[in-house]
Amino acid sequence: MPELPEVETIRLGLTKLIVGKTIKSVIFDWPKSFPNNAKDVDNFMIDSTISGVRRRAKVLIMDLSTDYSLLTHLKMTGQLVYRSKNLNFGAGHPGASLVGQLPDKSTRITITFTDNAKLYFNDQRKFGWMKLLPTIEIDSIDFFKKLGPEPLSADFSWLTLKHRLSRRPNSVVKAVLLDQSVIAGIGNIYADEALWGAKIHPATPAKLLSDFKLKKLQAEITYVLKLSIEKGGSSDRNYINAEGKKGSYLSFARVFRREGLPCPRCDHIIMKTRVAGRGTHYCPHCQVLKKLGSRI
DNA sequence: CACTTGACCTGTCCGC
DNA sequence: TGCGGACAGGTCAAGT
């Protein structure tokens with residue numbers, strides 16, 4: 001599920017909803033979703049106040065007043081949904097969000113605040129996780145140490161992109177964009193969207209990209225990520241924001257999930273294939289695969 | 001070493 | 001209606 005824009009949308013929502021709230025209790029029962037034990041929770045979560053909500057790559061970081069932080073990776077189907085004390089309407093109610101009454105069968109963790117508002121971590125496929133660890137240690141855990149730069153940071157230029165892609169010159173460009181150690185935060189949706197925007201075939205070896213194409217690609221990465229944040233992210237299946245609402249980016253998508261439809265640029269039919277082990281959407285007319293020995 | 005493929009899970013959709 | 005298989009937005013470990 002969530003890539004950079006979806007996690008950022010949740011971050012923006014949670015910043016308004018839970019910063020300043022104090023945790024009263026935590027319920028969790030699936031160790032892979034939350035490996036910490038009850039003692040950690042008692043010592044570092046209960047009675048702590050949420051001091052801020054940050055994001056790095058696709059990970060959401062809730063900082064606590066105990067100098068511990070609660071990290072969340074939503075992987076494919078994770079959701080973080082907030083409910084105030086009086087807003088837990090079931091489906092069908094005028095105030096209902098897209099998930100009904102919570103908790104439900106995919107709820108892995110429930111955090112209750114002192115005002116009886118709740119934050120639910122739902123995750124159908126159980127790939128996602130929450131972890132509690134000292135704030136000061138975040139940057140030294142393996143996952144964070146390996147991460148590449150944030151594509152929306154002010155100093156992420158096309159030269160940065162060129163430099164990062166040169167770490168995996170022989171891989172196809174889509175695989176490299178999905179590699180979080182090269183660039184942090186891009187996933188399957190925005191890789192396809194940015195490659196379409198730059199008119200690059202997803203299976204092009206990274207080293208064949210000209211400086212002209214790299215400039216285009218960097219501009220397109222920035223464009224699709226920013227546009228998606230503006231639209232509240234992409235709701236392909238499971239994604240909802242902290243208030244339980246869908247994002248609308250997919251109504252603006254040019255190729256993702258549009259196989260069989262005309263390319264908005266040239267009217268040729270958009271194809272879906274498999275590149276780097278992932279479902280991949282592209283226009284065979286304006287994203288032409290160049291062979292080794294040529295530069296595009 | 002660089003790169004690709006399967007595994008982790010559950011749910012849904014599609015063809016027979 | 002039931003059943004098997006493919007597929008789903010991410011990341012590792014284990015392969016080649």
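All values below come from the heavy atoms of this structure, side chains included, with hydrogens, waters and symmetry mates left out. Here is the naming used below: chain letters follow the sequence lines, and residue numbers restart at 1 for every chain.
In this model, no donor atom of one side chain and acceptor atom of the other lie less than 3.5 Å apart for A:Tyr282 and A:Thr273. There is no side-chain donor-acceptor pair under 3.5 Å between A:Thr114 and A:Lys24. Side-chain contact check for A:Lys131 and A:Asn36: no donor-acceptor pair (N or O, by modelled atom type) lies under 3.5 Å.
With a cut-off of 3.5 Å on both pairing distances, the Watson-Crick and G-U wobble pairs of DNA chain C assemble into stems of 3 or more at B:2-8 with C:10-16, B:10-16 with C:2-8.
The nearest whole Å value for the distance from the CG atom in A:Leu4 to the P atom in C:dG10 is 12 Å. Between the CZ atom of A:Arg257 and the C1' atom of B:dT12 there is a distance of 12 Å, rounded to whole Å. In this structure, A:Arg125 atom CZ and C:dA6 atom P are separated by 15 Å, rounded to whole Å. In this structure, A:Asp192 atom CG and C:dG10 atom P are separated by 10 Å, rounded to whole Å. Between the CG atom of A:Leu147 and the P atom of C:dC12 there is a distance of 9 Å, rounded to whole Å. Atom CD in A:Glu3 sits roughly 9 Å away from atom C1' in C:dG10 (whole-Å rounding). C:dA13 atom P lies 13 Å from atom NZ of A:Lys32, rounded to whole Å. Rounded to whole angstrom, the span from the CD1 atom of A:Ile186 across to the C1' atom of C:dT11 amounts to 16 Å.
Using a 4.0 Å heavy-atom cutoff across all strands shown, A:Phe143 reaches sugar-phosphate atoms only and no base atom. Across all strands, A:Ser106 comes closer than 4.0 Å to no nucleic acid atom at all (heavy-atom distances). Residue A:Asp236 is in base contact, counting any heavy-atom pair closer than 4.0 Å across all strands shown. As judged by a 4.0 angstrom heavy-atom cut-off over every strand, A:Gly187 is placed among residues touching the sugar-phosphate backbone only. Across all strands, A:Arg274 comes closer than 4.0 Å only to sugar-phosphate atoms, never to a base (heavy-atom distances).
C:dT11 has no stacking from A:Phe127 on its base ring, since the centres under 5.5 angstrom apart and planes within 30 degrees of parallel are not both found.
In this structure a side-chain-to-backbone donor-acceptor pair under 3.5 Å is missing from A:Asn122 to A:Val81. Panel note: side chain A:Gln218, backbone A:Lys216; no donor-acceptor pair is recorded below 3.5 Å.
Taking 4.0 angstrom as the limit, A:Asn170 places none of its side-chain polar atoms (N or O) nearer than this to OP1 or OP2 of B:dA2. The phosphate of C:dC7 (OP1 or OP2) has no side-chain N or O of A:Arg278 nearer than 4.0 angstrom. Residue A:Lys272 has a polar side-chain atom (N or O) positioned under 4.0 Å from OP1 or OP2 of C:dA8. Look at A:Lys75 and you won't find any side-chain N or O under 4.0 angstrom from OP1 or OP2 of C:dC12. Here A:Thr77 does not reach the OP1 or OP2 of B:dC9: none of its side-chain N or O atoms lies under 4.0 Å away.
When distances are taken from the side chain of A:Gln180 to each of B:dC8, B:dG11, C:dT11, the shortest belongs to C:dT11. Side-chain proximity of A:Asn188 to B:dA2, C:dG10, B:dC9: nearest is C:dG10. Here B:dG11 is the nucleotide among B:dG11, C:dT11, C:dA8 with the atom lying nearest to any side-chain atom of A:Lys105. The A:His73 side chain lies nearest to C:dG10 when the options are C:dG10, C:dA8, B:dC3. Listed candidates were B:dT4, B:dG11, C:dT11. Nearest to the side chain of A:Ala175 is B:dT4.
Across the P atoms, B:dC1 and C:dT11 are found 23 Å apart, a figure rounded to whole Å. The same atom, P, is picked in B:dT5 and in C:dC7; the two are 14 Å apart, to the nearest Å.
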Evaluate A:Ser48 against A:Tyr68 for side-chain hydrogen bond (donor to acceptor under 3.5 Å, both in side chains), listing each step before the verdict. CA-CA 9 Å; A:Ser48 76; A:Tyr68 269 63; over 6 Å; no
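Salt bridge absent: A:Glu3 and A:Lys58 never bring a charged side-chain N and a carboxylate O closer than 4.0 Å.
Taking 4.5 Å as the limit, every side-chain heavy atom of A:Tyr239 sits out of range of all side-chain heavy atoms of A:Ser234.
Considering A:Arg168, A:Lys174, A:Arg167 in turn, A:Arg168 is the only one that fulfils the side chain to side chain donor-acceptor pair (under 3.5 Å) rule with A:Ser171.
Mapped onto DNA chain C by nearest heavy atom, A:Lys146 and A:Phe256 fall at different nucleotides, with A:Phe256 at the one closer to the 5' end.
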